[in-house]
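In what follows, a structure is listed as C-alpha cells, so that the remarks can point back to it.
The figures here come from the full heavy-atom set of this structure, side chains too, leaving out hydrogens, waters and symmetry mates. To find a chain, count down the sequence lines: A is the first, B the second, and so on, and within it residues start at 1.
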There are 2 protein chains.
Amino acid sequence: MLPAFDSERLAVTPSHRRITIKDLAARLDVSTATVSNAFNRPDQLSPALRDRILSEARAVGYTGPDARGRSLRTGRSRIIAVVLAESLTYNLNDAVASEFLAGVAEVVDGHGHTLLLLPARQGARLESASMADGFIVYGLVADPRMLEQFPSQKPLMAVDFDIAGHASVHIDNQFACLNIARHTLRQRPRRPAIINLRLTAEPCNGRIIDQPLYEESQTITRLRLNGFYEALAEHDIDPTTVPMWNIEENTYEVCAPVIAGILDLPDDERPDLLLCMSDRIALTVLTLAEQRGLRIPEDLRITGFDGIAEGQYRAPRLTTVRQDSVAKGRLAASMVLGLVPMKHHCLATQLMIGETSP
Amino acid sequence: MLPAFDSERLAVTPSHRRITIKDLAARLDVSTATVSNAFNRPDQLSPALRDRILSEARAVGYTGPDARGRSLRTGRSRIIAVVLAESLTYNLNDAVASEFLAGVAEVVDGHGHTLLLLPARQGARLESASMADGFIVYGLVADPRMLEQFPSQKPLMAVDFDIAGHASVHIDNQFACLNIARHTLRQRPRRPAIINLRLTAEPCNGRIIDQPLYEESQTITRLRLNGFYEALAEHDIDPTTVPMWNIEENTYEVCAPVIAGILDLPDDERPDLLLCMSDRIALTVLTLAEQRGLRIPEDLRITGFDGIAEGQYRAPRLTTVRQDSVAKGRLAASMVLGLVPMKHHCLATQLMIGETSP
DNA sequence: CTGAAAGCGCTTACAG
DNA sequence: CTGAAAGCGCTTACAG
C-alpha cells in the first residue's frame with residue numbers, strides 16, 4: 001500500500017548550507033541587488049539577465065528570497081496573528097470559532113497574507129508574535145499582561161470583548177437574547193431555566209447558587225443573561241427564581257453530565273424550557289432528551305444561540321439566534337489589514353424559529 | 001451596550017518608530033549584547049543590571065526582542081507551517097481536518113512553537129513560507145511546483161499522500177474499506193452503490209459513468225474504492241456493475257443535490273446500501289433519507305468513513321470507520337519537530353458498528 | 001560580569 | 001540597465 005522506500009534516503013533535516021542571494025550573485029558575477037530585482041522588480045533589469053538569474057536559481061535549488069531577511073529589511077512579514085483566548089484545540093473544533101477563523105482566513109488570504117495562530121494561554125511567552133504585521137484578539141484573554149507582549153506600533157483589535165483604546169467587533173448579545181426569550185416565553189412555560197456558558201467568575205460546571213458572575217464588561221455571556229432577565233421580567237417572572245446552570249467549556253463532553261443531571265430531575269422539577277447560551281449546549285440537551293424519550297417541544301422547549309449548521313440540518317431544527325461569525329471574521333481581518341477604518345462595530349443577529357420552540 | 005468611546009483616540013497604525021535593543025542600550029549606557037542577554041540569558045549578567053534593563057524596557061514600552069531580527073540571526077523562527085491542499089475555509093470547517101490540525105497544534109504548541117496556515121491553492125506565491133522551521137503538507141497538493149517553494153534544507157513531511165524522498169503519515173484506507181464493506185455486504189443488499197469523494201481526475205459532482213479516476217498513488221480515496229471492490233468481489237458481485245457517484249467537496253451544500261438525486265430514484269432503482277467515503281456524505285444521506293421517510297436500515301443501509309463525533313452523538317449512530325485524526329496530527333508534528341525519527345507511518349483504523357448498518 | 005564586532009539575508013535609495 | 005553600500009534588529013563567540 002505504501003511505496004517501497006529506502007529509509008536511508010528519506011530527507012531528515014538536511015545539512016546543506018542554505019543558498020542565498022549572495023551565492024547566486026557570486027556565481028553569475030552580478031550584484032545582489034540585481035538578483036533581488038530579478039525576483040521582486042522585473043522592470044529593473046533586462047529580460048535576458050533576469051532569465052539567466054532565474055534559471056541559475058532553479059539549477060542550484062534557490063527557492064526565492066528568504067522571508068526572514070526580507071521581513072527584517074522591509075518591516076513587513078505578510079503574517080496576521082489571531083490571538084486565541086481558548087485553546088487551539090477548542091478553537092479548531094468549535095463550529096462558531098471555526099467559522100470566525102474561516103472569515104478571517106478568507107480576507108487575510110485574499111490579500112496575500114497568511115495566518116498565524118497564537119494561543120494566549122496563561123503565562124505563554126509568544127516568541128514569534130512580533131513576526132506578525134497585525135493582531136486580532138478573539139475572546140476575553142484571561143491574563144491582560146498577555147496583551148503587552150504585542151508590539152504597540154502594530155494594529156490590534158478585539159473580537160467579542162474590549163481592549164482599551166482599540167477597535168472591536170461585537171454582536172448584539174443582549175438584544176438577541178431578549179428577543180429569543182420573548183418569543184419562547186409567550187408559550188408560558190411553567191419551569192423555565194437557563195444554561196449559561198462560562199459565566200461564573202470561578203470555574204463551575206453545574207448548578208449556580210450564589211457564585212459570583214462575571215461583569216458585563218468581562219464577558220458577552222453576561223449580556224446574554226441580561227437579555228434573558230429582561231424578557232423574564234416582562235413576563236412577570238422574577239428572574240432570581242429561575243434556576244441556572246453553568247457550563248465551563250462549550251463541548252459535548254463537558255456539557256453532557258450537567259445536562260443529564262438536569263434532565264434526570266423528577267418530572268415536577270425538570271424544567272420545561274431551557275434557554276441555552278449556545279447551540280452546542282442546546283444540541284446536547286436535544287440529544288440527551290431524545291435518548292430519554294422526552295417529547296420536543298411538548299415536554300421540553302429548547303433554545304440555542306449561534307445558528308450553527310448542525311442545529312439546522314436536522315429534525316427538529318433548533319430555535320436559535322444566528323450570528324454571522326464569518327462576517328465577524330471578515331470584518332476583523334479587514335480592519336487589521338487597514339482595508340476599512342478601525343472602529344467599534346456591532347453586528348446584527350437574527351432570530352431563527354425551529355421546531356424545538358415553535 | 002458598547003463602551004462610550006472617542007473615535008479620535010482609537011489606536012490605528014501608530015507612527016512611533018519601534019524601540020530596539022539599541023535604543024535601550026543607548027539609554028542605559030550598556031552594550032546591546034547585555035540588553036540581549038537580559039532577555040535571553042539571565043545568567044550572563046548581574047541580577048541588578050538585569051533588573052535595571054527590564055524595568056527600563058517596561059518604562060519605554062519595549063516588548064522584547066523582535067522576532068524578525070532574532071530569527072534572521074538564529075535561523076529559527078519557532079513557527080511550523082501546515083500546508084493545506086484544500087482551502088482554509090474547508091479545513092477549518094471540516095471535522096476531520098480540524099481534528100488533524102488540533103493534533104498538530106497540541107504538539108507544536110507544547111514545544112513552544114506556533115502554527116502558520118498556508119493554503120496551497122493553485123499558483124499561490126507563499127512569500128512567508130520561508131519563515132517556518134518546518135512543513136507539514138496535508139493532502140494531495142494539486143500543483144507539484146508548489147512544493148518547490150519550500151526551502152529544501154528544512155524538514156518537510158506529507159500526510160495522506162506521498163512526496164518523493166520525504167516521510168509521511170497514512171492510514172490503512174484500503175484495509176478499512178474492505179472491512180466495513182465486508183461487514184455490511186453480509187446483509188446481502190440487492191442494490192449496493194458507492195458515493196466517492198474527489199475520485200475523478202476531472203471535477204465531477206454526480207454520477208460516474210466512464211470518467212477516468214485518480215490512481216492509487218494520487219489519492220487515498222482510490223485506495224478506499226479498492227477496498228470496497230475487494231469486498232464486493234468476495235461477495236460475488238461484479239464491482240463494475242455497482243453504480244458510483246462522485247462528490248467534489250466534502251460539505252453538506254455540495255453533497256446534498258447529488259444525494260437527493262440518488263434518493264429520488266424510483267423505488268426499484270434506488271440503492272438499498274450506500275457505501276460512503278466520508279461521514280459528512282453519510283450524514284447528509286441520513287438527513288435527506290429521514291426527510292423522505294425512508295426507514296434506516298430497513299429501506300437503506302448507510303456506511304461512512306472517519307468516525308466524527310456528529311455521527312456518533314445521534315440516533316441512529318453511523319456505521320463507520322474511525323480514523324484518529326488527532327493522532328495523525330500529533331505524529332506529523334512530532335516528526336517535523338524532530339521529536340521522533342522521520343519515517344513512513346501507517347496508522348490503524350477501527351470499524352464502528354452503529355444502527356445505520358448493524 | 002560586560003562590551004566591541006561580525007554577520008544572519010535581504011531591499012532600497014542612490015550613483016553611474 | 002546595473003552595482004556599491006547601508007542598514008533592518010538581533011545573537012553569539014570572543015576578548016577583556
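Note on ring orientation: taking the six-membered ring where Trp is involved, the planes of B/Y62 and B/F39 are perpendicular (angle over 60°, cut-offs 30° and 60°).
Within 4.0 Å of A/F39, counting heavy atoms only, lies no atom of the nucleic acid at all. Across all strands shown, A/R70 has heavy atoms under 4.0 Å from sugar-phosphate atoms exclusively, and none from any base.
Rounding to whole angstrom units, CZ of residue B/R41 and C1' of D/dT11 are separated by 8 Å. Per the geometry, NZ belonging to A/K154 stands 11 Å off P belonging to D/dG9, to the nearest Å. The interatomic distance linking A/D23 (CG) with C/dG7 (P) rounds to 15 Å, in whole Å. Rounded to whole Å, the distance from CZ on A/R73 to P on D/dA6 is 13 Å. Taking atom CG on B/L45 and atom P on D/dT11, their separation rounds to 13 Å, with Å as the unit. Atom NZ of B/K22 and atom C1' of C/dA5 are 13 Å apart (whole Å). Look at CD1 on B/I53: it is 11 Å from C1' on C/dC1, rounded to the nearest Å. The distance from atom CZ of B/R50 to atom C1' of C/dT2 is 16 Å, rounded to the nearest whole Å.
Between A/P119 and B/D109, the closest heavy-atom pair is CG-OD1, 3.4 Å. Considering all non-hydrogen atoms of both residues, A/A129 and A/F135 come closest at O-CZ, 3.3 Å. Of all non-hydrogen atoms in A/E86 and A/Y90, the two that sit nearest each other are CB-CD2, 3.7 Å.
Proximity of B/Y62 to the phosphate of D/dG9: no side-chain N or O atom is located under 4.0 Å from OP1 or OP2. Put simply, A/T20 has no side-chain N or O that comes within less than 4.0 Å of OP1 or OP2 on C/dG9. Here A/T32 does not reach the OP1 or OP2 of D/dA4: none of its side-chain N or O atoms lies under 4.0 Å away.
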Stepwise side-chain contact (heavy atoms from CB on, under 4.5 Å) check, B/F100 with B/N91: CA-CA 9 Å; B/F100 171 76; B/N91 277 283; over 6 Å; no
Candidate pair A/R68 and B/D133, rule salt bridge (Lys or Arg N to Asp or Glu O under 4.0 Å), full reasoning: CA-CA 11 Å; A/R68 304 174 209 277; B/D133 292 341; 3.5 Å; yes
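Projected onto DNA chain C by closest heavy-atom contact, B/D43 and B/T74 fall at different nucleotides, the more 5' of which corresponds to B/D43. Each of B/R68 and B/Q44 lies near DNA chain D, and the nucleotide nearest B/R68 is the one positioned closer to the 5' end.
Going from atom CG of A/L72 over to atom CZ of B/R73 covers 12.5 Å, rounded to the nearest 0.5 Å.
Within the 3.5 Å criterion, the main-chain N or O of A/A25 finds no donor-acceptor partner in the side chain of A/T32.
The B/V30 side chain lies nearest to C/dG3 when the options are C/dG3, C/dC8, C/dT12. Checking D/dG3, D/dG9, D/dT11 against every side-chain atom of B/N40, the shortest atom distance belongs to D/dT11. Residue A/T34 has its side chain nearest to D/dT2 when only D/dA5, D/dT2, C/dA5 are considered. Here the nucleotide nearest the side chain of B/L49, chosen from C/dT2, D/dT11, C/dA4, is C/dT2. When distances are taken from the side chain of A/A33 to each of D/dC10, D/dA13, D/dA4, the shortest belongs to D/dA4. Closest contact between the side chain of A/S36 and the listed nucleotides C/dT11, D/dT11, D/dT2 involves C/dT11.
Stem analysis of DNA chain D (at least three stacked-register Watson-Crick or G-U pairs, each with both distances under 3.5 Å) gives C:1-3 with D:14-16, C:5-12 with D:5-12, C:14-16 with D:1-3.
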